[in-house]
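These notes are about the structure you will find just below.
This one's a predicted model, so the numbers in the text were calculated from it and none came from an experiment.
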Amino acid sequence: MLRYHFMKLGPQTWEAMANGTGTDDPHHDAAWVKFISAYDLPEYRLNLHSAAVRDLAAADQAGRVPKWALSLLDADEIKRIEEVKKQ
């Protein structure tokens with residue numbers, strides 16, 4: 001599916017991507033992340049994977065997660081971790 005959508009971009013867009021002369025649109029990067037997120041690639045994942053939430057909850061209960069690591073999470077992710085800890 002990813003290859004199909006890439007083919008739809010066409011030669012002009014491929015050239016711009018290869019030469020680094022893409023768009024200066026400020027929404028481009030955010031739109032790309034949302035577009036690619038459906039493919040569940042780790043580097044473009046918008047939310048924590050359910051396995052990561054489970055592992056973080058277990059590590060946090062054991063006291064092995066540093067506070068700085070938890071500070072990198074957003075409120076929804078922390079809420080999911082707390083819900084898993086209650087189970």
Side-chain angles (χ1 to χ4, degrees):
M1 187 64 119
L2 186 58
R3 185 181 301 270
Y4 166 76
H5 287 294
F6 181 76
M7 294 302 292
K8 286 177 32 178
L9 295 175
Q12 291 176 338
T13 306
W14 299 334
E15 182 180 358
M17 288 173 71
N19 295 329
T21 58
T23 178
D24 289 331
D25 184 351
H27 303 290
H28 176 269
D29 292 339
W32 172 250
V33 170
K34 285 195 181 285
F35 171 77
I36 205 74
S37 67
Y39 296 97
D40 202 31
L41 300 171
E43 60 269 24
Y44 293 109
R45 190 170 287 135
L46 295 177
N47 295 314
L48 284 176
H49 191 273
S50 58
V53 170
R54 184 186 65 241
D55 292 346
L56 270 170
D60 191 36
Q61 280 184 322
R64 295 180 299 175
V65 179
K67 296 297 180 194
W68 66 263
L70 292 176
S71 71
L72 298 174
L73 302 173
D74 64 26
D76 291 335
E77 293 167 337
I78 292 174
K79 183 178 177 182
R80 286 179 58 202
I81 291 169
E82 292 301 323
E83 289 171 359
V84 170
K85 286 169 46 176
K86 291 178 185 177
Q87 295 176 354

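Cluster membership for W68 and L70, using ILVMFWY side-chain heavy atoms within less than 4.5 angstrom, is not shared. I81 is not connected to L72 by any chain of hydrophobic side-chain contacts under 4.5 Å among Ile, Leu, Val, Met, Phe, Trp and Tyr, and they are in different clusters.
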Derivation of the side chain to side chain contact (heavy atoms under 4.5 Å, CB included) call for L56 and V53: CA-CA 5 Å; L56 270 170; V53 170; 5.9 Å; no
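Proximity of a side-chain donor or acceptor of E77 to a complementary backbone N or O of D74 within less than 3.5 Å is detected. A donor-acceptor pair under 3.5 Å is formed between the side chain of W14 and the backbone N or O of F6.
Rounding to the nearest 0.5 Å gives a distance of 9.0 Å between CZ of R64 and CG of D55.
More than 12 heavy atoms of other residues, nucleotides or ligands shown are found within 6.0 angstrom of NZ on K85.
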